[in-house]
Amino acid sequence: MPSIMPDIANHASAQTEGTLDWVGMDNIELPLMVEVRGEAPRQVSAHVGAFVNLTRPKAKGIHMSRLYLLLDTLSTEGTLNSQALMTLLDNFITSHDELSDHAKVSFTFDYHMRRKSLISGKQGWKAYPVTLTGELKQGELSIEMGVQVPYSSTCPCSAALARQLIQDAFEAKFSGQGSINRAEMHAWLGTTEGVVATPHSQRSIADVKVKLDNANLGFPLRQLIDQIEDALQTPVQAAVKRVDEQEFARLNGQNLMFCEDAARRLKHLLNQHAEYKDFLLRVNHYESLHAHDAVSITAKGVKGGYHA
């Protein structure tokens, strides 16, 4: 007859007594079906963090395998939406009866979207890093959705300085002429002598977190990404032909942005949507002029909510 295996978590006491805010596992790799509003559920490859608190000072530890198996059931049999998130977190707590009364889980994955080019209509994939976090405390579910959206930002200061140099070059070329030949000027503007300077631009990232209204089953992920890109007007591209690159240059020229400008655009956008109960955004401009980054951070300003 096999011997009974020891269960340290159940039968041993803590060496040093005390409660703990969070205990669990991080970077669990799982395939997962995710329900995004307006789309059929799709599979993603997620890294998961699963945690509960530890309320009994003398308890040796939690039962981590129980959290893992509940996640595995979701991975193999379920689809992640707000109701599934509520059920999962409630099971985290009930599986740790008398040990825990607070649970949290986070799912991090890349969300791939087909994106059409600006003019030519060519298509390609873009991957957006996403984090979905759920927290359950005293029966109240909190859902956070975070996304990183890349875009291009062209410096208004360098654009003004470049325009001044072009004006100076024009003056040097055509000063003293009583009249200017239109064809000659047109040809000159198409040379590096005519456009003697260009403003600097850089790849930038909008890192946006929103607290969601829990009533919706599907996560409004595509909606939020589209809203951010529409507000900024210069999202990075996938498939690009020359006509698309030219249009991208035009959009950058018409949407000159300091990091402050980008953050204010996004704050105005997010304030228009009641389903985003709270938000925190960080705009990162990875400078091409400097070796450091330009950053702007702001929150909605909800009492007790996110703060910058």
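Note that these values count all heavy atoms, side chains included, but never hydrogens, waters or copies made by symmetry. For this chain, numbers begin at 1 and follow the sequence in order. Please read these numbers as outputs of a predicted model, since none were measured by experiment.
Applying ring-ring contact (aromatic ring centres under 6.0 Å, His included) to H102 and the options F92, W22, F51 leaves one that passes, W22. Checking Q123, Q237, E229 one by one against R115, the side-chain hydrogen bond (donor to acceptor under 3.5 Å, both in side chains) holds for a single residue, E229.
Considering all non-hydrogen atoms of both residues, I166 and A197 come closest at CD1-O, 3.8 Å. Among all heavy-atom pairs drawn from P199 and C155, the shortest one is CB-O, 4.3 Å. Closest approach of K126 to V236, counting heavy atoms only: NZ-O, 2.7 Å. When all heavy atoms of L74 and A84 are compared, the pair lying nearest together is CD1-CB, 4.2 Å. The heavy-atom pair separating P41 from M33 by the smallest distance is O-CE, 3.5 Å. Nearest heavy-atom pair across V34 and T79 is C-CG2, 4.2 Å.
Open room surrounds CD on E98; 12 or fewer heavy atoms of other groups in view lie less than 6.0 Å from it. The local environment of CD in E140 is sparse, with at most 12 non-hydrogen atoms from other residues, nucleotides or ligands closer than 6.0 Å.
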Inset, instruction - Kindly determine whether D207 and N284 satisfy side-chain hydrogen bond (donor to acceptor under 3.5 Å, both in side chains), including the steps that lead there. - result: CA-CA 8 Å; D207 192 342; N284 306 275; 5.3 Å; no

Legend entry - Steps toward side-chain hydrogen bond (donor to acceptor under 3.5 Å, both in side chains) verdict (H47, T108): CA-CA 5 Å; H47 286 79; T108 301; over 6 Å; no

Inset, instruction - Give the C-alpha distance, both sets of side-chain angles, the deciding distance and a yes or no for side-chain hydrogen bond (donor to acceptor under 3.5 Å, both in side chains) between N252 and S152. - result: CA-CA 7 Å; N252 271 266; S152 176; 2.8 Å; yes

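Clustering ILVMFWY residues whenever any of their side-chain heavy atoms sit less than 4.5 angstrom apart, transitively, puts F248 in a cluster other than the one holding L256. Under the 4.5 Å side-chain heavy-atom criterion for Ile, Leu, Val, Met, Phe, Trp and Tyr, L32 and Y68 are members of the same hydrophobic cluster.
For the pair P220/L212, a side-chain contact is recorded, criterion being any heavy-atom separation below 4.5 Å from C-beta on. Proximity of M113 to D226: side-chain heavy atoms (C-beta onward) are separated by under 4.5 Å at one or more points. In this structure, the side chains of F219 and L224 stay at 4.5 Å or more apart for every pair of heavy atoms. Side-chain atoms of I205 and V149, non-hydrogen and from C-beta on, never get closer than 4.5 Å to each other. Looking only at side-chain heavy atoms (C-beta outward), V44 and H112 stay at 4.5 Å or farther from each other. The closest side-chain heavy-atom distance from H292 to Y286 is not below 4.5 Å. Side-chain contact between I228 and Y128: absent, with no pair of heavy atoms (C-beta onward) separated by less than 4.5 Å. Put simply, the side chain of K104 reaches to within 4.5 Å of the side chain of T133, judged on heavy atoms.
One distance of note links CD1 of I62 with NE2 of H96; it measures 4.5 Å at 0.5 Å rounding. To the nearest 0.5 Å, atoms CD (E245) and CD1 (I119) are separated by 13.0 Å. Between the CD1 atom in I225 and the CG atom in L221 there is a gap of 4.5 Å [rounded to 0.5 Å]. Rounding to the nearest 0.5 Å gives a distance of 10.5 Å between NZ of K211 and CD1 of I143. Put simply, CG on L269 and CG on L281 are 9.5 Å apart, with the number rounded to the nearest 0.5 Å.
Listed for the D90 side chain is no donor-acceptor partner under 3.5 Å among the backbone atoms of M86. Without hydrogens or angle criteria, S158 side chain to T154 main chain gives no donor-acceptor distance under 3.5 Å. Under the 3.5 Å distance criterion, the side-chain polar atoms of T87 are matched with a main-chain donor or acceptor of Q83. A donor-acceptor distance shorter than 3.5 angstrom exists from the side chain of S100 to the backbone of N53, with no hydrogens or angles considered. D97 contributes no side-chain N or O that, together with a main-chain N or O of T94, makes up a donor-acceptor pair within less than 3.5 Å. With hydrogens and angles disregarded, a donor-acceptor distance shorter than 3.5 Å links the side chain of Q233 to the backbone of D230. At distances below 3.5 Å, not a single donor-acceptor pair connects side-chain atoms of S120 with backbone N or O atoms of D244. Looking at E29, its side chain never comes within 3.5 Å of a backbone N or O of A46 through a donor-acceptor pair. Between the side chain of Q164 and the main chain of A160, no donor-acceptor pair closer than 3.5 Å is present. A distance-only check finds a donor-acceptor pair linking the side chain of D278 to the backbone of Y306 [under 3.5 Å].
Side-chain contact annotation: Q223 with E275, donor-acceptor N/O pair under 3.5 Å present. At a cut-off of 3.5 Å, with distance as the only test, a side-chain donor of H200 or Q202 sits close to an acceptor on the other residue. Looking only at atom types and distance, the side chain of N81 has no donor-acceptor partner in the side chain of R37 under 3.5 Å away.
A salt bridge is absent between E287 and R203; no separation between the charged side-chain nitrogens and carboxylate oxygens falls under 4.0 Å. Taking a cutoff of 4.0 Å between a charged side-chain nitrogen and a carboxylate oxygen, R250 and E247 qualify as a salt bridge. Remark: R42 does not engage E35 in a salt bridge, criterion side-chain N to carboxylate O under 4.0 Å.
Ring orientation note: the planes of W188 and F174 are nearly perpendicular, at an angle over 60° on the 30°/60° scale.
Taking the centre and axis of the six-membered ring of W125, the NZ or CZ atom of R114 falls inside the cone set by 45° and 6.0 Å. In this structure, K209 forms no cation-pi arrangement with F279, as its terminal cationic atom is not both closer than 6.0 Å to the ring centre and no more than 45° off the ring axis.
Close placement of the Y151 and H285 rings is indicated, their centers lying within 6.0 Å of each other.
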